[in-house]
Structure formats: C-alpha cells, structure tokens
**Student:** 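My questions all concern the structure below.
Here the structure is a predicted model, which means the values were calculated and not measured. By convention in this document, chain letters (A, B, ...) are assigned in the order of the sequence lines, proteins followed by strands, and residues within each chain are numbered from 1. Computed over heavy atoms, backbone and side chain alike; hydrogens, waters and symmetry mates excluded.
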Amino acid sequence: MPNNQAIVPAASEPAGAGHNEHPSYLLHHFQSVEQQADTSNFAMWLFLLTEMMFFGGLFTAYLIYRNWYYLAFVAGSHQLNVVWGTLNTVVLICSSFTMAMGVWCAETRRRSGLVLCLILTFILGLGFLGIKTIEYSEKIEKHHVPGFHYNLSSFLDPASDPEIFKEYHDKPLPLDIARHTELYFSLYFLMTGMHALHMIIGIGILGFMIFRARAGAYISGHVTFVENFGLYWHFIDIVWIYLFALLYLISRH
Amino acid sequence: MSTNTIVSLPDQETARIPKKNFLTKENGLLSWLLTRDHKRIAILYLITTTFFFIIGGAAAALIRLELLTPTGDMVSSDTYNKLFSIHGIIMVFFFLVPIAPGVLGNFLIPLMIGAKDVALPRINLLSWYLFVIGGCFELYMMIFGGVDTGWTFTTPLSTHYVNSHVIGAAMGIFIAGFSSILTGINFIVTIHKMRAPGMTWFRLPLFIWSYYATSIIFVLATPVIAISMVLIMLERVIGIGLFDPTKGGDPLLFQHLFWFYSHPAVYVMILPGMGIISEVISNFSRKRVFGYTAVAFSSVAIAVFSFFVWAHHMFIMGISTYSALLFSLFSMLVAIPSAIKVFNWSATLYKGSITFDTPMLYAFGFIGLFTIGGCTGVMLATLGMDIHVTETYFIVAHFHYVMVGGMVSAFMAGLHFWWPKMTGRMYPESLGRLAAVILFIGFNLTFFPQFILGYLGMPRRYHFYPPEFQALNVLSTSGASILAIGYLLPALYLIWSLRHGAIAGNNPWQATGLEWQTQSPPLTENFTEIPIMDHEAYDYAWLERQSRDNRREEAPSAE
Amino acid sequence: MSEQNGHAHTIVGPGVYVAILFALLAGTVLTVWASFVDLGFWNPIIALAIATTKATLVLLYFMHVKYSTKLTKLAIAGGVFLFLTLVSMTLADYISRAWGSW
Amino acid sequence: MNHISPVIWQFPVKWMTNFPLFPPEASTIAPQMDALLFFMVLVSLIGLTVVVLLIISFSILYNKKRHPVAEQIEGSILLEATWTIIPLGLFLVMFVWGAVIYFRVFTPPANAMNIYVVGKQWMWKIEHPGGQHEINALHVPAGRAVQLTLISQDVFHSFSIPAFRVKREAIPGRYTTVWFEATTPGTYHLFCTQYCGTNHSQMIGDVVVQTPEDYRKWLSNSTSGVSLAQDGERLFASLSCSACHNARPNARGPNLANVYGSRLTLSNGQTITADEAYLRQSILNPSQHITQGYAPIMPTYQGQISEEGVIALIEFIKNLNSDYRIQQTLNTTDLPPESEGKTPPAAQAPAAKAHATQGRVKK
C-alpha cells in the first residue's frame, strides 16, 4: 500500500439510490446505506462511552485507595509479574493490530485476509486470557484472592516469598498496612476481571465472525459489523493499557 | 365547555379508525413480544410501567395508612422498612426513570422527527426485555422476603448489616440500568441520524430537545450505578472490602458513585416532563414557545450541570467542607435553567389564545408544583439550610413535588395529549379535567404538610413518630386517598375510551408537530412517505395555511 | 439525515497500522523501563502520560477517530470530560478533607 | 358535644392542643437558620406569586373567547437575561448565606466542651468527659458551647436535634464533629435521621438542656466515679502502651505528653495536627502516619478496642500535660506502686469533676 489513506465511498452504490434497489442489508427504516453505517457507528461509540464510565467508577476507587494506602499498593503491585504483564500488553497490542488489519481487509474486500486476521486476533485474545489464567492461578495459590482466606504472609514476612523477595527486597510491612493489600487485590481482580469478561465476550463474537467470514460475509462493502467490533476490541486494548500502567507499574524500583 | 376547546373531531357518524394501523397490522401475542415497532414497544412499556406503578402505589398507600398513628400498629418495623424500600426502588427505577422515555419517548421521537422507526429497533426491543427481566428480579425479591435498605442502598448497611434480598434487588437495578443505557443510545442516535429532510436542530420540537438531554444522562450516568451495584453485590458475596470501614474501605465512596448516577437520574425523570409541558403549553395557547432557543439550551444545560452536583446529597455525611462549597454552588447553577423554563412557559401564554383542556390543566399544575419543588430544592442545596432539613420529611416533600407533582403531572398531560394519537380515540374531556383538579388538590394536601413536618424535624423513613406530628400526618394521609382517586379515575376512563371514546381523527388538537400529520393511530411505518419539514416548530400559521389548502383541494381522504 | 457531510469513508491502510503497532510496542517498552527508574513523584505521571499517548494513538488510528466526523470527536471529548469529572470531583472531596479540621 | 364518642373526640382535642407548626428555637444557631429560611421562603413565595399571577392573568386576558387569534412572539433576549440574572443573583446570596451558616455549624469555637457520641444499631451512647454515660439522652448546660464528636460503631447514623437546627452523621471509622450552644432549658427531641436498619425509628431520645446549676447537679449525681481520662489511663496501662510511650530517652514510641493539638512532623516529611481523628488513626492504623524518628513498630489495635475504649484513650492523651501519669502507669505495670505525690491534671477528685469537665477541652 503505497498510499495508506485511500478515500473510497463506503457503500457499493451511489448515495441517494432509489428505494427499490437497495441492498439486502439495508434495514427498512433507513434511507441509505451511509445513514445506516453512520448510525451504527455512532451508536457503537456511545456504547463505548458508557463502557468508559463503567470503568470510571473502578478507576475512581483505585485512585482514592492508592492515595490512601500507597505502601500497600506498592507491595501488592510487586506481587504481579511484570514479565507476564508486559507480554500480555504486547499480545493485546498485536491483537489490536491484527483486528485493525482485519477491518482493512474487509473494507478492501479481501476474504482470505479477513479470515486470517480474525483468526490471528482470536488466537492472540485466547493467548491473553491464557496468560491471565497463569497469573490468576499464582494469586490463588498464594491466597491473594480477597474474601477467600486472604493470606498476608507475603507482606508481613516477605522472605517467605523468595521469588518476589529476591527481586525487590521488600521490607516487612506492619500489619495495619499489610491488611490494606487486600484492597489492592480487590481492585486488581475487579478491574482485570471486568476487562477479562469483556475479552471473553469479544472472543465469543470473534468466533462467530470467523465462522461468518469463512462463509463470505463482510466483504460486500457492508462492513459495519466488523468495524464496530473493531472499535470494541480496540477499546478493550485501551483499558488494558491503563490497567497495565496503574496496576503493574506502581513502583518497580 | 366544548366551545372552549380546540378539538376538531371528525364527524363521529362517518369517521372510522383507519383499518391499517400499527395496532391492527399483526395480531397475536407473539407479534407483540417480537415486535420491532417503536410504537408497539411504547405500548408494552405503558403496560409494564403501569403494573409497577400499581405495586409502588400500593406500597405507598400502606405506608401512609401506617403513618396515620404515631405508634406503628399496622405493620411491624421490618415490614414498614420493606414497604418504603419497595416503594422507592420500584417507583424510581421501574416507574419514574423508564416511564417517560419508554412510553412517550419511544412512541413520539420517530414520529416527531419524521422517521420510520428508531435507529436501532432490535436494541429497542431488547431494552424493553432487559427492563422486564430487571423488574422480574425485583418481583422475585419482593415475593421472597423483600429488601429493607431503602432505595439508596447505603453502605455498610446494605452490604454488611441487613439479611434481606439486597443482591436480587441490586441485580434488578443493574439489568434495568442497561435497559436505560440502550434506550439512551437509541434516542441520541435516532435524533442525530434519522431526522426527516429539512428537520434542522432548531426546527425540532422542544420535546425532542429535552429527550436528547435525558438520553445524554442515560448514556453517561447509568454505567456508574451499574458498577456501584456490581460492587454492592461483590461486597456482599465475597467481601471485597471497598466499602467496608473495617478493611480500610470508605463507605462514603459508594455514595459518591451512587449519587453520580442518582442525582442526574432525577433530571432523567423531570426533563422529559419539561419537554411534554413545552408541547402542551404551546399547543393550547396556539403560540410558539416563548424563547425557543433559551428553552432548548436550558434542557441541555440542565443535563450538563446535573453531572456536577451529586455530592449535595452528602453535605452532612462527612465530605470535605470545601468540596461541599463547590457542589452547593453548582447545585445553585442547575436551578437557573429550570427557572428560565418556568418563566418562558409563563410568557408563552402572553397574547396566546388559551383553552383549558385536560393536558393544559395538568401543565398548569406542573408549573405550580414544579416551582414549589424547585424552590425547596434550592433551599436544600443551600449548605446551611441543608443541615436542618436534609433527611427529614422536607426532603420527602421536595422530591415528591418534583417527581410526582412535576413528572407524573407532566406525564398525565402527555398521556392525555397524545392519547388520541396512540389509540385513535378521545378520552372524556370533563372527566379528564375533574381528574386533573382532584390530582392537584390531593397532591398538595398530601405533600404540603410534609414540608412543615420536615421543618419540625420529623425524620424520613420513620415507622414510629412523636405524637405531636400526628395531625399533619393525618392530613397527609387523607390527601393521599384523594390522590389515589385522582390516579384511579384516569385509569378507568382511559380504558373506557379505548372502546367508547370519540374518534379522534388525525389532528384533534390542531397541533403542528409532524406526529399529527399522519393518521391516528399511525401506520407501522409512521408515514406513507417521509415528510419534509419546511417550517419552524410550532408554526401555527403554517398549519392554518395547510388546512386551508386541504379544504380548497377538498380531497375526500388525503391520506 | 442531517450530518451527512464527509460521506466518503476513509480507509486507513496497513502502512499506518504497522507504524502505530511499532509505536505502541515502543511505548510499552518505554513505560516498563521508566517504572524501574526511581523518578519519585514523576513515576506515576510518566506512566500515565505514556499510557495516554498509547491510548490516543489507538483512538486516532486504529479506531479511525482522526478520520471521523466532528460528531464522533465531540462525543468522545464529552465522554472523556465526564470521566475526568467523575474522577477529579470525587478525588477533590478526598483530598480536601485533610485541609482543615472541621 | 355529648353525642360524640369521647374516644373519637379525644383525637381532635389532642391534636388541636398539641399541634406545632414551627419547631422551638433552642440554640444560638437556630434563629440564624430560621432567618435564612424566612428569606428563602420569601423569595420563593415572590417567585411563585409572580408565576401564578402571570398564568392566571394571561389565562383570563388571553383565553380563547376573549382573544381568539394568538399573536406570535418569538422571544426576548432582554427578558431572558432578566430572568437569568435575577435568580442567579438571589441564588448566589442564598449560597453565600448558607455557606456561612454551614461553616459556623461545623466549626466549633475554641472553648467548646466536648461530648462524645457513639451511634450503634439502634441506640445513642453518650460519653461525657467526666465519666457520665447516657443512652439515648443528652444532658447539656444552657449558655455553653458544646461540641459533639460523633462516631458510629456499625452503619451510618445521623444525630439530629431539630430544636437546635443541628444535625450530623455519625460515620463508621471516622470522627465527625458538630457544635451548638443551647439557649433555653427544656427537653427536646433527638432523632437518628439516617436510615440505619430495622429499628431506625426507635433510635430516638431526649436532649435535656439544663441551667448551669442543674447541669452541675446532674453531673455529680450521675457520675460513674471514673472519668473518661481515668478509664483511658487504665486501658493505657492494660494494653501496655507505656512499654513504648514512656517518655524515657530511649523510648521506642514518641512521648505523648502535650501531643494533643501540636503539629507533628511525619516520617514522610508532612506535618499534621494531632487532633482526635489523628489520635484515633494512630491507635488503629499506626503505620499510616509515623512520627519522624520512630520506626513503624506499633501494632494495630483494630478490632481489639471498642469505640468507647478509643474515646477513653484519646481523652486520656488529650489530658496528658506531663509525663507524670505515664510514669504512674509504668509503675502500676512493672514497678511497685508509689504513693501519689501531687494531684495529676487528668485525675482529680470526683468532687472537682465538674471543673475538670470544663477544662477538658484544651486548645
């Protein structure tokens, strides 16, 4: 692609085409394909805004407690594996890229490219969840899940947790500070859990899309569904970019 | 009285309800349950919200009966608490919030802007189903023991100290919240993208402007209550500790999140009412709304400001006094656009040609009651006064003046005004006026004594109360029984009118909106062909010109 | 059917996407590296600044906001503004609680 | 009226004879609050009258019979500006006026006497510094500024005295304060106004305002014999606080004498005033704010001391003018007791308790 910003009309037919000859995917209450595409695109954006406000409540809680219990948050953050976190960020960014490529393939009507991109996105999404599962199971092993026999020993006595201790040489936390690491992990599980839930929903839809794309859908010029799903997928990516910065990288030095 | 009215009914001998309309298009339960027609969905909403209104109203009746005597001798304290919790939850989340957007918004927005349907019809149906599912959770919760947290779910009471069905109730609100979000998205997109040719922003009816403002709140505020309900549920199930002071959490954070939705939500309730009132006042004074742009922008201003005032519910709850200052100031500012609206409506009457049909009577009632509700709202937003009157019956009286006196009056006005459009038949006019007057009297008798009670210091949500408050409480309860008649009467005659009402014709009120330019009840596609808007909103001269043209052409059935 | 201006649909090509991908990966490396350096007060600010830059890139190019209508841009700006309102006005309460002993 | 059943008749008689429409004004803040109310009611009435008069007069002048054809009027920027700016001005006046009263209610004067209030489901526990405990009742002297320090043991409660126009929430985990100066002796309602569970409406009581002499009498009659500070001293000893906070040169904890009300420098460089809230935090979450020069070694007492215990400890620390009492607690714990040489400031003879109460709140 020498020129990466080609401007082509989105619809397969000129605007203002007669009512009788509209394509099958044009719903009855719309006047034109553009109107329909615009509408669903804008609706998707509004939906993403509600998603943003949904996470907004969690971010607010996070910022308050981080300010209150900074030391506990640092200690809690040291429990997260920055390698896994970085890897997951890379995986998610790549999946965002393949998704964007998928949208481009759909727009330029490349069926096999579209299917390939969707499958790659699907695999990367699963990879992200796989890594997340590894991380979660580490937390479960150490009893760092709030509400389920939450265990403070990694914070009261860091040496009992040699892997982490080797890296950060954390000082033992007093009990009253160590107790607040539970809030950190509550927020960690809430935020990443909500994020993972969105991923799972996204992967489900991706599976459906792969199935349909193999049957030849989305390359007729009517790419609204792919585009909107792309928006959703990128939004999840953005959320993760912030989660990574806030949860993993509090204080690593 | 009929000389007074502007109703121009067709000749009742020959007139018929059009055979082809959205009600008759398909038959059978499934055709309703799977419909994507915004008008049918509106009817579904009307039925379900009325159902919830009956439940909430029955709870209210029991509460008022209980408060006849200072000693709680009818129900136990526990039952009393469950009653007012049910009353609050049902009335707020399942009646006041969905009613105006769900019923009138769904029915009218596409008609008013000249569209065939809302932008996302399937999502529209989904949002009704979510509403019903949420409602089922509340019903389940009620049948299997109820919830006694009040509708505000104050932590840590709701998370750690009550054993009632908080999770069910929160789940219901969570799901119903998504119904609101989807409705909001649908309306915004519809208003942006589906307007008929020539329908510019400043030709939109003010109804559309206020629903647009409402939808902004729906879209941006509702997710925050969704997350706070999720947090309540998780706190109860596994004890995440965010709202638990013994784990270092802050229970006040819940209130921040809760009121971030729930304060804008009261504007969700009142803004559609303002839109309805603008339509009604304009029509029955045969005059364009005074200061159209000011009224339009004040709707948006209310929606925007409503996001900056939430902590005025927490002035004595230990928020910082400095941020209390900020929130109080913003609360004052949000009162300004409301005042602008009231004055503009009054000025609309000037040199009009006024008739006093039922919707207009309700509209007058709305203006009076809303002004009282608004003024007392300013008192509550004033920091010092809030200390004394918050958490008392003063609050109860204030928000009932805005919600019931304001919103429900407006909704009744709208329901009567558009009833002929929805059903094709007129309601009985004199009964309608009677009901409007009864409602006004009953309402004031019920809630005005509560202002006095509140200033005397009677706390809200009290089962027992000091005996010296009894006289005012008896007054309030007697008013409530009049109010009940005021609600029952319209329910009866509106149902009666479905069969026996006079045939309304397309435009009984001689109103200018596009919704009146199509048949009543409308076709499923709303219009035989998409109308072209070639005049300003509320252009009564255009209407006269058009009817003159029609008469000259003397086409027997223009439709 | 208003706001039908700008009706040509812009297709962003792979070149841009690849460039953005590498920018995002570079940002990730940078932010991880920065977190291991002790910058005191600046650490969280830099982490958030990098995250915001990355998010903006995703928004503008992957999500095509750069080529979107004014309406979309306005809606996003409004949403972000309200998000910041929620966070900042709530935090304002928590921060100013400590200002005086009332 | 003989034919009316006396049973029914008693109700109207009772209502008519006992039918308040306005609460009594029994504190110094009440007339100020009422003045603001009257101002706002007046403004509201004027506004309402204007609107109603407009509607009625237009309805008469321009009804369809009299005025069959409407005249279209677009609007008027001048009018819009008028009814934007006038309400704005009025609202700003209300805002400033209300803010002044708000700050007045929530800013206790320096010489206020302090009473602790602990809310729990469903009762109010009042702790006077002299050791008098009350449940669902509050005795206060007239003509004296009284500060309430409130806290809740479980859920949000709200301490409301309508006759004083004063109300404040009792919050779990944090102190809130409010103050008033009662003016008229009498008995007034005390309500919990924040919904707090099943028996919310029974979390009520009486506020008894007494003349200073009566109040003194009441204080001496209802004393438990041990002041709050003495209670705190016992707790201080039994929790072995003096093991570290013992004012010796090599002590592991900071010296607590005269610490109340002073500015402390923390280990992270911040300075903080040691008020009740700070002292409470330091007992329950000691590592949150470490005084400069000390290690974070103090254990947390969260869950080990009741709210009343914390209050007693705070009251003890507030009254520590010298190291003397701490030495005494040391003596009681690990040294044989000595005879008291002089009367320590915090533990005076019960007869002098009333005086002690008045001198309890220091600045």
**Student:** Hey, could you give me the CG/CG distance between A:Leu49 and C:Leu82, rounded to the nearest 0.5 Å?
**Tutor:** 9.5 Å

**Student:** Counting only non-hydrogen atoms closer than 4.5 Å, does C:Thr52 touch chain A with its backbone (N, CA, C, O), its side chain (CB onward), both, or neither?
**Tutor:** both

**Student:** So which part of A:Phe42 gets closer than 4.5 Å to some heavy atom of chain C, the side chain, the backbone, both or neither?
**Tutor:** side chain

**Student:** With only heavy atoms counted, which part of C:Val29 is less than 4.5 Å from chain A, the side chain, the backbone, both or neither?
**Tutor:** neither

**Student:** Once you round to the nearest 0.5 Å, how far does CZ of A:Phe97 lie from OH of C:Tyr61?
**Tutor:** 15.5 Å

**Student:** Show your reasoning for whether side-chain contact (heavy atoms from CB on, under 4.5 Å) applies to A:Phe59 and C:Phe83.
**Tutor:** CA-CA 10 Å; A:Phe59 278 108; C:Phe83 176 91; 3.9 Å; yes

**Student:** Over all heavy atoms of both residues, which pair between C:Val87 and A:Gly56 is shortest? Give the atoms and the distance, please.
**Tutor:** CG2-O, 4.5 Å

**Student:** Examine whether an atom of A:Val90 lies under 4.5 Å from a heavy atom of chain C, and if so say whether it belongs to the side chain, the backbone or both; otherwise answer neither.
**Tutor:** both

**Student:** Side chain from CB out, backbone as N, CA, C, O: work out which of these in A:Trp68 comes under 4.5 Å of a heavy atom of chain C, or both, or neither.
**Tutor:** side chain

**Student:** Run the salt bridge (Lys or Arg N to Asp or Glu O under 4.0 Å) test against C:Asp93 and tell me which residues pass, sequence neighbours left out.
**Tutor:** C:Arg97

**Student:** Which distance, rounded to the nearest 0.5 Å, do you find between the CG of A:Asn88 and the OG1 of C:Thr28?
**Tutor:** 11.5 Å

**Student:** Do A:Tyr248 and C:Ser35 have a side chain donor and acceptor closer than 3.5 Å?
**Tutor:** no

**Student:** So for C:Leu84, is it side chain, backbone, both, or neither that comes closer than 4.5 Å to the heavy atoms of chain A?
**Tutor:** neither

**Student:** For the pair C:Leu48 and A:Tyr242, evaluate side-chain contact (heavy atoms from CB on, under 4.5 Å) and give the outcome as yes or no after the intermediate values.
**Tutor:** CA-CA 7 Å; C:Leu48 277 181; A:Tyr242 280 99; 4.0 Å; yes

**Student:** Which side-chain hydrogen bond (donor to acceptor under 3.5 Å, both in side chains) pairs, counting each pair once, include a residue from residues 39-52 of chain A, with sequence neighbours left out?
**Tutor:** A:Glu51-A:His198

**Student:** Are side-chain heavy atoms of C:Val80 and A:Met52 found at a separation under 4.5 Å?
**Tutor:** yes

**Student:** Side chain from CB out, backbone as N, CA, C, O: work out which of these in A:Val103 comes under 4.5 Å of a heavy atom of chain C, or both, or neither.
**Tutor:** side chain

**Student:** If you take all heavy atoms of C:Phe62 and A:Ile93, which pair is closest and at what distance?
**Tutor:** CE2-O, 4.4 Å

**Student:** Measuring from A:Thr89:OG1 to C:Leu24:CG, what's the distance to the nearest 0.5 Å?
**Tutor:** 11.0 Å

**Student:** Less than 4.5 Å to any heavy atom of chain A: does that hold for the side chain of C:Ile95, its backbone, both, or neither?
**Tutor:** neither

**Student:** Shorter than 4.5 Å, heavy atoms on both sides: which option in C:Pro44, C:Ala51, C:Gly79 has the most such pairs with chain A?
**Tutor:** C:Ala51

**Student:** List the atom of A:Leu48, the atom of C:Met63, and the distance in Å for their closest heavy-atom pair.
**Tutor:** CD1-CE, 3.8 Å

**Student:** Tell me, for C:Ile76 versus chain A, whether the close heavy atoms (under 4.5 Å) come from the side chain, the backbone, both or neither.
**Tutor:** both

**Student:** Check whether any side-chain heavy atom of C:Ile50 lies under 4.5 Å from a side-chain heavy atom of A:Ile241, and answer yes or no.
**Tutor:** no

**Student:** I need the C:Tyr94 OH to A:Thr60 OG1 distance, nearest 0.5 Å.
**Tutor:** 9.5 Å

**Student:** Any idea which heavy atoms bring A:Ala100 and C:Tyr17 closest together, and the distance?
**Tutor:** O-CE1, 3.3 Å

**Student:** Show your reasoning for whether side-chain contact (heavy atoms from CB on, under 4.5 Å) applies to C:Val32 and A:Phe244.
**Tutor:** CA-CA 10 Å; C:Val32 173; A:Phe244 178 61; 3.6 Å; yes

